Amino acid sequence: MRIEFKILRRDSAETAAWWQGICFETEDENATVASALRKINEAGNLVDTEGRTVKKILWENSCLQKKCGACAMVINGKPRLACDSFLRNYQKKGRGKITLEPLRKFPVIADLMVDRSILFENLKQMQLWSREEVHLTEKQRETAYDASRCLQCGCCLEICPNYLPGESFFGAAGFVPAARLIASLEGEEKQKLQKAYREHVFAGCGKSLACADICPAGIEVERLLVRSNAVAVWKKSLF
Amino acid sequence: MDCVNIIGAGLAGLSAAMTLAKRNIRCRLVSVQSSERAQSVLAEGGINGALDTMGESDDVRFHMEDTLKAGVYLADPEAVRGLAEHAPEVIRMLRDLGVPFNTLENGEIRLRNFGGQKKKRTAYAKSSTGKIIMSAMIDAVRRYEAESRILRMPHHEFLKLALASSAAGTGERICSGAVVRDVWTGEVEVLPGPVILAVGGMNGMFPGMTTGTTANSGDAVAAVFRQGVRLGNMEMIQYHPTTFGIADKRCLVTEAARGEGGRLFIERNGGRWYFMEEKYPEQGNLASRDVISRQMYFVMHDPSCGGQVYLDLTELGKEIWQQRLPDLRKELIHYLALDPAKSPIPVEPGIHYFMGGIEVDVGHQTNIRGLLAAGECCCQYHGANRLGGNSMLGALYGGRVAADSVAEQVMEGIREETAGSEKVGSMNEELRGEEKGNAGEISPELVRQIAVILGDSLGIVRKGEALEEARISLEKLLPQCNNERERNRVYLAQAMVISAELRRESRGAHYRSDYPETEAAMARQTWAEWTSEGVMVQFRQN
């Protein structure tokens with residue numbers, strides 16, 4: 001199949017972005033956007049659709065099997081993992097067009113690479129940790145398992161109508177990991193996390209649940225949200 | 001205040017960082033990508049520890065014996081004893097951090113069968129144990145980040161060690177820091193202090209052929225090898241029996257699938273041949289990984305067989321799919337469009353783990369004072385073949401031991417001998433100048449050439465002629481190299497090939513068709529060192 005990529009490129013945060021066309025051909029039915037980008041960058045002389053020699057495309061990748069979240073980007077307008085985006089789904093009769101853009105709610109470093117450090121800073125601000133031994137009930141164990149699967153890829157923030165960079169709402173990338181500990185912490189730590197939850201999640205969430213549809217890990221985001229709301233806001237336990 | 005440099009933010013790096021933070025010693029946690037992207041998140045099946053919750057009278061002694069036996073007596077018994085003795089404590093530490101291990105009705109941690117072990121000894125969180133453990137460890141470390149005891153340095157790659165001469169005038173070279181580069185800005189920095197390398201396995205040497213991440217390129221190990229760091233057992237590469245290919249890589253089908261009842265077969269004479277059950281009646285589908293991969297190789301090359309080995313999971317009960325292997329089932333349906341509950345899945349052996357790497361002592365110290373290594377990048381615990389369930393344990397325990405060694409034995413000496421000396425200051429400037437803007441990239445063509453050479457010579461079945469040919473081919477690549485990083489990689493490949501050539505016997509993952517027997521005299525590590533004359537490999541003398 002032959003795919004024409006249209007990639008939003010940028011040398012650095014300080015410079016202007018431009019679109020670049022790059023053609024890619026493969027016989028591999030299982031090829032993904034990630035494997036295509038790797039092959040494109042491995043070409044000895046990378047040329048664009050105008051025949052100009054161009055620089056390698058900068059992007060992040062690691063596991064290539066949708067378990068690490070590194071390769072999140074905007075693919076044909078939707079935030080997705082490149083390793084989970086099969087080229088065959090973007091073509092008809094062996095031809096297709098795919099646009100690639102960096103996630104728009106994070107500062108761009110270059111090309112498709114963004115600075116996602118805010119994800120980790122937000123979790124730090126929520127004080128998501130426990131100094132004491134954590135004891136899980138059977139239901140809490142299930143929730144903790146689901147919450148632990150969050151990739152911190154940022155797709156949920158990209159799609160969320162309520163998440164805006166720099167504002168106080170942390171989105172699903174904040175409340176999903178928080179669900180790991182929110183019901184099982186004790187004492188002051190519990191109070192702090194629940195307060196942070198109310199401030200940074202409950203107060204800002206418009207419940208569009210766009211995050212639930214987009215999560216590459218398939219986490220049942222709504223279920224976690226409902227349970228955490230019950231604990232932190234309504235002081236009931238569904239755990 | 002003193003600061004330790006930990007390179008790599010996977011499980012071993014996190015464990016080392018947490019240990020130091022608990023001891024109130026500051027550290028930098030340096031990594032190109034965040035911990036969420038580390039290979040540790042890919043671990044599936046579980047973590048071993050003789051918790052003995054299953055009524056099978058398990059004991060630390062048995063864990064130790066199984067580990068040594070699976071490694072065909074190449075691992076250091078003293079180190080393995082420490083690993084096995086501390087394993088239950090490591091698992092309980094994880095439980096206390098809130099890792100939702102599968103449990104029994106009485107609340108105790110449930111254990112599952114894994115290959116090469118007669119007792120149920122593997123604690124697990126369904127079939128994503130690595131990811132679940134990592135999430136808890138990342139949270140635990142975050143607390144110390146907030147207290148500034150752990151300083152994260154994301155988007156930084158390790159280039160090489162800063163080395164200084166001992167003030168004692170002995171000529172000994174001491175590791176006085178790490179030279180790192182900000183991959184976003186290109187800025188090079190020298191980070192003073194002892195260094196713990198936790199950079200993972202050498203997957204980059206075998207692109208597309210491993211279950212791990214190629215972000216673990218092996219370049220850090222290659223760089224320190226050139227600086228005089230000794231490597232051990234470089235020929236020992238584990239092929240996991242059950243993997244399948246997707247674009248650009250191999251994916252793992254966890255050993256737990258066989259632990260829960262999965263059966264391997266190949267078609268022969270119009271029927272299914274459960275070759276492992278027939279050939280190894282005692283352990284069957286749960287023989288150690290080297291044994292199964294080798295048998296798979298043989299039956300796949302047997303003209304009377306169908307060529308493709310299958311893993312049959314169709315007899316597994318609903319509860320197992322729901323509670324123990326849910327993510328595996330989803331993954332197989334996603335990538336292979338096959339429901340393993342309904343039809344057997346095609347599998348092949350794939351490179352999964354490097355037992356060899358930076359040679360360390362029982363305290364995880366290398367041959368260069370001030371440099372330690374932990375996790376898959378080091379050669380410790382696993383001998384000639386790693387037991388399933390021992391990798392996360394080795395990373396967690398090894399990271400902790402390395403951190404304890406730094407705290408108790410290394411820091412004082414390093415500070416006395418190197419810190420504050422003008423020599424270190426000027427050397428740092430020199431290193432900065434040398435590396436700035438010249439970190440060097442490895443050309444994709446060279447990566448391919450090395451991968452082909454290694455793929456052809458370091459397979460499941462090896463022989464002398466192919467290894468000799470590989471050695472010669474690698475030698476020819478050296479004059480074509482354009483920078484030090486390229487040369488480093490070729491030398492690292494040579495260390496693997498020459499080690500395999502030297503070991504004229506078969507042991508664990510290293511099977512030589514020209515030397516199929518295990519030789520008692522070779523129950524010793526191979527040691528590889530780089531000298532001005534090139535790569536030198538010899539057997540450890542004692």
Side-chain angles (χ1 to χ4, degrees), chain A residues 12 28 30-32 34-36 38-39 41-44 56 60-70 83-84 86 109-110 113 115-117 119-120 123-125 127-136 138 140-145 147-153 177 180-181 184-185 218, chain B residues 32-39 41-42 95-103 107 125-126 128 130-136 138-146 152 154-155 183-185 207 211-216 245-249 251-252 327 330-331 334-335 441 443-445 447-448:
Chain A
S12 71
D28 184 359
N30 293 320
T32 61
S35 68
R38 287 171 64 87
K39 292 277 185 306
N41 274 346
E42 284 169 11
K56 276 185 179 182
E60 277 190 274
N61 67 96
S62 181
C63 80
L64 302 179
Q65 58 179 105
K66 65 171 193 160
K67 289 190 175 181
C68 81
C83 68
D84 191 33
F86 294 99
I109 302 302
M113 189 185 275
D115 176 0
R116 285 178 277 190
S117 54
L119 294 168
F120 313 118
L123 296 176
K124 207 184 284 177
Q125 203 175 321
Q127 301 194 20
L128 182 58
W129 57 72
S130 174
R131 284 185 166 80
E132 307 298 325
E133 283 180 15
V134 177
H135 299 282
L136 300 172
E138 197 50 41
Q140 285 170 353
R141 201 180 316 282
E142 280 298 314
T143 302
Y145 183 87
S148 302
R149 291 175 55 238
C150 176
L151 302 177
Q152 293 290 297
C153 62
R180 191 178 84 79
L181 292 173
S184 50
L185 291 181
Chain B
V32 177
Q33 300 195 71
S34 64
S35 292
E36 285 79 0
R37 325 292 180 226
Q39 184 179 301
V41 303
L42 300 181
R95 179 197 60 195
D96 294 344
L97 290 177
V99 172
F101 285 117
N102 282 45
T103 53
K126 299 186 182 177
S128 295
K131 174 64 184 164
I132 307 304
I133 287 176
M134 280 293 283
S135 292
I138 291 167
D139 284 351
V141 161
R142 182 177 297 116
R143 167 195 161 190
Y144 298 112
E145 289 173 46
R152 285 256 186 193
H155 54 86
V183 295
W184 288 358
T185 65
T211 57
T213 161
T214 43
N216 291 354
I246 61 169
D248 254 10
K249 78 168 300 186
C251 277
L252 177 70
D327 303 325
K330 282 182 203 156
E331 195 176 346
H334 181 76
Y335 285 115
E441 279 198 29
S443 80
E445 182 51 29
V447 171
R448 262 193 297 273

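Letters go in sequence order (proteins before strands), and every chain restarts at 1. Because only heavy atoms are used, hydrogens play no part in the values below, and waters and symmetry mates are left out as well, while side chains stay in. All values reported here derive from a predicted model rather than from experimental measurement.
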Engineer: Among Lys131(B), Glu36(B), Arg142(B), which has the most heavy-atom pairs under 4.5 Å with chain A?
Structural biologist: Arg142(B)
Engineer: Of the non-hydrogen atoms in Ser148(A) and Ser135(B), which two are nearest, and what is the gap between them?
Structural biologist: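 Nearest heavy atoms, Ser148(A) then Ser135(B): O-OG, 2.6 Å.
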Engineer: As a quick check of understanding, evaluate side-chain contact (heavy atoms from CB on, under 4.5 Å) for Gln152(A) and Ile138(B), giving each step before the final call.
Structural biologist: CA-CA 12 Å; Gln152(A) 293 290 297; Ile138(B) 291 167; over 6 Å; no
Engineer: With chain B, which of Arg141(A), Arg149(A), His135(A) has the greatest number of heavy-atom pairs at distances under 4.5 Å?
Structural biologist: Arg141(A)
Engineer: His334(B) and Asp84(A): side-chain donor and acceptor closer than 3.5 Å?
Structural biologist: yes
Engineer: Taking the side chain as every heavy atom from C-beta outward, state whether Thr214(B) and Arg38(A) have any atom pair closer than 4.5 Å.
Structural biologist: yes
Engineer: I want to check something: taking the side chain as every heavy atom from C-beta on, are Glu133(A) and Arg95(B) in contact at a cut-off of under 4.5 Å?
Structural biologist: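 SC-SC contact between Glu133(A) and Arg95(B) ruled out.
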Engineer: Is there a donor-acceptor contact under 3.5 Å from the side chain of Gln33(B) to the main chain of Asn61(A)?
Structural biologist: yes
Engineer: Just by distance, do the side chain of Arg37(B) and the backbone of Cys63(A) share a donor-acceptor pair under 3.5 Å?
Structural biologist: no
Engineer: Checking side-chain polar atoms at under 3.5 Å, does Tyr145(A) have a donor or acceptor matched by the opposite partner on Asp327(B)?
Structural biologist: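 Tyr145(A) vs Asp327(B): donor-acceptor pair found between side chains.
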Engineer: Under a 4.5 Å heavy-atom cut-off, does chain B meet the side chain of Ala31(A), its backbone, both or neither?
Structural biologist: backbone
Engineer: When rounded to the nearest 0.5 angstrom, what is the spacing between CG in Asp248(B) and CD in Gln65(A)?
Structural biologist: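 Spacing of CG (Asp248(B)) from CD (Gln65(A)) equals 12.0 Å.
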Engineer: Heavy-atom distance under 4.5 Å to chain B: side chain of Ile109(A), backbone, both or neither?
Structural biologist: side chain
Engineer: Do Leu128(A) and Asp139(B) have side chains that approach each other closer than 4.5 Å (heavy atoms only, starting at C-beta)?
Structural biologist: yes
Engineer: By a 4.5 Å heavy-atom criterion (distance strictly below it), what part of Phe120(A) contacts chain B: side chain, backbone, both, or neither?
Structural biologist: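 Both backbone and side chain of Phe120(A) come within 4.5 Å of chain B.
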Engineer: Measure distances from Arg180(A) to the heavy atoms of chain B and classify the residue's part below 4.5 Å as side chain, backbone, both or neither.
Structural biologist: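 Answer is side chain: those atoms of Arg180(A) sit under 4.5 Å from chain B.
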Engineer: Counting heavy-atom pairs under 4.5 Å with chain A, which one of Pro154(B), Cys251(B), Ala140(B) comes out on top?
Structural biologist: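 Top count of heavy-atom pairs under 4.5 Å with chain A: Cys251(B).
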Engineer: Which atoms of Gln125(A) come close to chain B, meaning under 4.5 Å heavy atom to heavy atom: side chain ones, backbone ones, both, or neither?
Structural biologist: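 No part of it gets close to chain B.
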Engineer: Do you know the tightest heavy-atom contact between Tyr335(B) and Cys83(A)?
Structural biologist: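 Shortest heavy-atom contact: OH-O, 4.3 Å.
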Engineer: Whether Lys66(A) and Glu331(B) form a salt bridge (side-chain N of Lys/Arg under 4.0 Å from carboxylate O of Asp/Glu) is what I want to check.
Structural biologist: no
Engineer: Looking at Asp96(B), Ile133(B), Val32(B), which has the largest count of heavy-atom pairs under 4.5 Å with chain A?
Structural biologist: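 Ranked by heavy-atom pairs under 4.5 Å with chain A, first place is Asp96(B).
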Engineer: Determine whether more than 12 heavy atoms belonging to other residues, nucleotides or ligands lie under 6.0 Å from atom CD of Glu132(A).
Structural biologist: no
Engineer: Which atom pair, heavy atoms only, marks the closest approach of Ala247(B) to Asn30(A)?
Structural biologist: CB-O, 3.5 Å
Engineer: One thing to verify: whether Lys56(A) and Glu441(B) come together as a salt bridge, which I'm taking to mean a side-chain N less than 4.0 angstrom from a carboxylate O.
Structural biologist: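 Result for this pair is yes, salt bridge flagged.
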Engineer: Between Ala215(B), Gly130(B), Ala146(B), which has the largest tally of heavy atom pairs under 4.5 Å with chain A?
Structural biologist: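 Looking at each option in turn, the highest pair count goes to Ala146(B).
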Engineer: Most heavy-atom pairs under 4.5 angstrom with chain B, which of Ala43(A), Ala110(A), Ala144(A), Pro177(A)?
Structural biologist: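 Winner by heavy-atom pair count: Ala144(A).
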Engineer: In terms of heavy-atom proximity below 4.5 Å to chain A, should Arg152(B) be classed as side chain, backbone, both, or neither?
Structural biologist: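 No part of it gets close to chain A.
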Engineer: Check each atom of Leu64(A) against the heavy atoms of chain B and say whether the ones under 4.5 Å are side chain, backbone, both or neither.
Structural biologist: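 Both the backbone and the side chain of Leu64(A) come within 4.5 Å of chain B.
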Engineer: Tell me, side chain or backbone of Ser443(B) under 4.5 Å from chain A's heavy atoms, or both, or neither?
Structural biologist: neither
Engineer: Among the options Lys39(A), Gln127(A), Arg131(A), pick out the one with the most heavy-atom pairs lying under 4.5 Å from chain B.
Structural biologist: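 It is Arg131(A).
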Engineer: Indicate yes or no: at least one non-hydrogen side-chain atom of Met113(A) is less than 4.5 angstrom from one of Trp184(B).
Structural biologist: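 They are in contact (side-chain heavy atoms under 4.5 Å apart), so the answer is yes.
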Engineer: With a 4.5 angstrom heavy-atom cut-off, is it the side chain or the backbone of Asp115(A) that approaches chain B, or both, or neither?
Structural biologist: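 Interface part for Asp115(A): both.
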Engineer: Between Leu123(A) and chain B, with a heavy-atom cut-off of 4.5 Å, which part of the residue counts as in contact: side chain, backbone, both or neither?
Structural biologist: both
Engineer: If we define contacts as heavy-atom pairs under 4.5 Å, which of Val41(B), Asn102(B), Leu42(B), Ile132(B) has the most with chain A?
Structural biologist: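 The candidate making the most pairs under 4.5 Å is Ile132(B).
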Engineer: Can you find a side-chain donor-acceptor pair between Ser130(A) and Arg143(B) that sits under 3.5 Å?
Structural biologist: no
